[in-house]
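Counting convention: from 1, in listed order, for ligands and their atoms alike.
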Amino acid sequence: MMRAAVLVDANEDLQVVEVTLDPPGPREVLVQMAAAGVCHSDWHVMQGDLPVPLPAILGHEGAGVVQAVGEEVSRVKPGDHVVLSWIPSCGQCFYCLKGRPDMCEQAFTVQLSGTLPGNAVRLHWDHGALHHYLGTSCFAELTVVPETGVVVIDPTIPLRQAALVGCAVTTGFGAVTHTARVSPGDSVAVIGCGGVGLNVIQTARLAGADPIIAIDANSQKETLAKKFGATHFIDASQSDDLITPVIDLTRGIGADFSFEVIGRKETIEAAYGMVRKAGTAVVIGVAPPHLDVSFNAFSFPSQSKILTGSWYGQSVPAIDIPRILSLYQQGRLNLDELVTQSYRLNEVNQAFRELIEGTVGRGVIEFSS
Ligand code: APR
Ligand code: ZN
Ligand code: ZN
C-alpha cells in the first residue's frame, strides 16, 4: 500500500488515498518518488479540458530512486536516481526512426489509453483498477513506469530540482534550442511566465537572445521573469494589444521569435502577430482539443512567418535531461529559484490553487523517504 493523489472526475479535487501497486512487468521500473512538480497540464486535466481516462493518479513531472526493475530491464538498476519522462518513446516507430521521439506513436497510445505499453495496468484501489497518467503517475509515493520512461541522472543533484526537468525545464529548454534554434542577438517574446515560460526565458538568455520580452497577465511575474533573464516585461492585464508593445521594443519590426506558453486563443493569435516577417512563432501552451484559432490567410505567403508547435521541447530525454542538469551544475541554468513553494502530498489541491492564483514559479510536492 502507498498513498497517491487520484482524480476521479473532472472538476473535483484530487483525493489523496491508499492505493496498491503491482510489481514491475519485465520492461518496467518501480520508482520511489522524491519530488513531483505541479504543472499546468494536470490542471487542464482536472478542469476537463484535456480528456484522459479516469480515475487516474496524476503527476507527470517527477524524480526519484529506482526500487526494483523487471527481468528484461538493462538500462537502470535499483538505487539509480532517475527523472521520469512522459514520452516513453518506443525507438521503433516512424517518428522514433526519424529522430523525432517527441512524436512517438506508442507514447501517444500510452497517453490516450491511460495504461503502460502493452495495455498493462499496475495501479489499483478499493474500487478496482486505476489508470496510469502519461505513463508517469508520480503524485504517488511509488510508481511503476516503462524502462523508456526513466533517465538516470547524477546522484549528487538534488531530486527536488531534478523533478522539474521531467517537464517544465525540458519543454522550455527544448522549444528554444531544438524547435526555434535561437541565436545570439535574436529578439524573443514569451507569453506566459509560469514554470514552463520561465524556462523559455532562461534558455533564451543562455542562447544570447536580446531583447527578451516577457508577457504575463499577472504583474507579480515581472520580478521572477527578470530574474530568469527577461529584459522587458509587458503586463497583459493592462491592455488587450500585446502586439504593438512588442513591435515597439523590436525596432518597429516584430520579434524574431515568439513563444506562447499558456494555451489560449487570444495569446496564440498574438504570438503569430508579434513576430516579424519570416519570423517564427512557437506554440507550447496546450489548448483544449476542440479550440480553433484563426489567422489571416493572405499573411501566410505575404509575410512568410513560420507558425509551429513544440511538444516536450522536441527533446530526446535521454540526451537532453543530463545535458540540462549539467548546465544546472555549471550554474548556467537556474533550477534552485524556479521552485518557489514546497508541499506535502496531502496539500496537493492547495498547490493547484496557488498555481492558478499565479503566486508560484513552480510548486513541488516533496515525499518523505
Ligand atoms: N495573458 C497573459 N498571461 C496569462 C494569461 C493571459 N490571458 N492567462 C494566464 N497567463 C499566465 C499566468 O499568469 C501564468 O504566469 O500564464 C502563466 C501560466 O503559467 P503556469 O500556470 O505556471 O503554467 P505552466 O505549467 O508554465 O504551463 C503553461 O504550457 O505545457 C503547457 O499545459 C501547459 O498549457 C500549459 C502551459
Ligand atoms: Zn508538464
Ligand atoms: Zn516510437
Side-chain angles (χ1 to χ4, degrees), residues 36-47 49-50 58-62 84-110 117 133-134 136 138 146 148 163-172 174-175 190-201 214-222 224-225 233-240 242 259-271 282-288 291 309-313 316 338 340-341 351-363:
V38 178
C39 177
H40 207 113
S41 298
D42 288 3
W43 181 248
H44 292 319
V45 171
M46 291 167 70
Q47 294 288 97
D49 288 338
L50 280 183
L58 296 196
H60 65 278
E61 178 178 276
L84 305 188
S85 154
W86 53 266
I87 300 196
S89 51
C90 72
Q92 291 167 7
C93 72
F94 174 84
Y95 292 103
C96 282
L97 295 174
K98 272 280 191 195
R100 287 295 302 266
D102 55 315
M103 295 286 113
C104 172
E105 301 282 13
Q106 177 183 288
F108 274 95
T109 305
V110 164
Y133 168 62
L134 301 186
T136 47
C138 61
T148 51
L164 304 189
V165 185
C167 183
V169 188
T170 300
T171 300
V190 183
I191 314 175
C193 304
V196 182
L198 290 173
N199 284 293
V200 173
I201 291 170
I215 303 167
D216 202 288
N218 182 338
S219 60
Q220 291 182 44
K221 293 291 164 93
E222 175 166 5
L224 259 181
F233 183 83
I234 297 170
D235 182 349
S237 69
Q238 298 301 309
S239 161
D240 288 339
L242 304 180
F259 296 86
E260 199 277 357
V261 207
I262 304 166
R264 294 173 61 94
K265 174 179 166 66
E266 309 76 48
T267 42
I268 292 169
E269 290 169 356
V282 181
V283 178
I284 299 171
V286 179
L291 183 77
S310 190
W311 187 241
Y312 209 7
V316 179
L338 209 50
T340 53
Q341 209 72 36
F352 278 104
R353 277 192 289 279
E354 294 183 7
L355 175 79
I356 298 318
E357 284 163 14
T359 48
V360 295
R362 196 53 138 198

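- For atom 19 (O) of ligand 1, the nearest protein heavy atom (residue, atom name, distance) is G194 CA, 3.1 Å.
- For the side-chain contact (heavy atoms from CB on, under 4.5 Å) test with C90, the passing option among P101, C104, P117, P146 is C104; the others fail.
- A donor-acceptor pair is defined here as one N or O able to donate and one able to accept, closer than 3.5 Å; no such pair exists between the side chain of T267 and the backbone of G263.
- The shortest N or O to N or O distance between G285 and ligand 1 is not under 3.5 Å.
- In terms of polar-atom proximity, H40 is counted as a contact of ligand 1, with an N or O under 3.5 Å from an N or O of the ligand.
- Comparing V261, D42, T359, V196 against atom 28 (C) of ligand 1, the shortest heavy-atom distance belongs to V261.
- Annotation: protein N, O or S atoms under 2.8 Å of the Zn ion (ligand 2) (waters excluded) comprise C39 SG, H60 NE2, C167 SG.
- At the shortest separation from atom 30 (O) of ligand 1 among protein heavy atoms lies S41 OG, 3.8 Å.
- The residue among V200, D216, I191 with a heavy atom at the shortest distance from atom 15 (O) of ligand 1 is D216.
- Without hydrogens or angle criteria, Y312 side chain to G166 main chain gives a donor-acceptor distance under 3.5 Å.
- Residues V282 and G309 come closest through the heavy atom pair CG1-C, 4.2 Å.
- Under 4.0 angstrom from ligand 1, the non-hydrogen atoms of A217 come from both its backbone and its side chain.
- Below 4.0 Å from some heavy atom of K221 lie the following atoms of ligand 1, by number and element: 14 (C), 15 (O).
- Here the closest non-hydrogen pair linking G59 and D42 is N-OD2, 3.1 Å.
- In this structure, the side chains of Y95 and F108 stay at 4.5 Å or more apart for every pair of heavy atoms.
- When the heavy atoms of A225, G192, G195 are ranked by distance to atom 22 (O) of ligand 1, first place goes to G195.
- Using modelled atom types, no side-chain atom of Q220 and backbone atom of L224 make a donor-acceptor pair closer than 3.5 Å.
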- Task: Apply side chain to side chain contact (heavy atoms under 4.5 Å, CB included) to the pair E61 and R362, showing each step before the final yes or no.
- Result: CA-CA 11 Å; E61 178 178 276; R362 196 53 138 198; 2.9 Å; yes
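- Across every non-hydrogen atom of L242 and A236, the tightest pair is CD2-CB, 3.7 Å.
- Rounding to the nearest 0.5 Å places CD1 of I87 at 10.5 Å from NE2 of H60.
- Closest heavy-atom contact between L58 and M46: CD1-CG, 3.6 Å.
- The closest protein non-hydrogen atom to atom 25 (O) of ligand 1 is R362 NH1, 2.7 Å.
- Panel note: side chain S237, backbone N218; no donor-acceptor pair is recorded below 3.5 Å.
- For C193, the heavy-atom gap to ligand 1 drops under 4.0 angstrom.
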- Item | CA sep, side-chain torsions, deciding dist, call: K221, D235, side chain to side chain contact (heavy atoms under 4.5 Å, CB included) | CA-CA 9 Å; K221 293 291 164 93; D235 182 349; over 6 Å; no
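- For ligand 1 and N218, the ligand atoms under 4.0 Å from any heavy atom of the residue are 13 (O).
- Listed by chain and number, the protein atoms of type N/O/S under 2.8 Å from the Zn ion (ligand 3) are C90 SG, C93 SG, C96 SG, C104 SG; waters are omitted.
- Residue contacts with ligand 1 for E266 are absent, since no atom lies close enough (heavy atoms, distance under 4.0 Å).
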- Message: Could you go through C193 and I201, starting from their C-alpha distance and side-chain angles, then the distance that decides it, and tell me whether this counts as side chain to side chain contact (heavy atoms under 4.5 Å, CB included)?
- Response: CA-CA 8 Å; C193 304; I201 291 170; 4.0 Å; yes
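- With respect to R353 and E357, no salt bridge is recorded, no charged nitrogen being found less than 4.0 Å from a carboxylate O.
- In terms of protein heavy-atom proximity, atom 7 (N) of ligand 1 is nearest to R264 NE, 3.4 Å.
- Atom 4 (C) of ligand 1 has as its closest protein heavy atom I262 CD1, 3.3 Å.
- For the pair H44 and ligand 1, the shortest N or O to N or O distance falls below 3.5 Å.
- With hydrogens and angles ignored, the 3.5 Å screen pairs a side-chain donor or acceptor of T359 with a backbone N or O of E354.
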- Query: Run the side chain to side chain contact (heavy atoms under 4.5 Å, CB included) check on N199 and L338 step by step: do they pass?
  - Reply: CA-CA 9 Å; N199 284 293; L338 209 50; 3.4 Å; yes
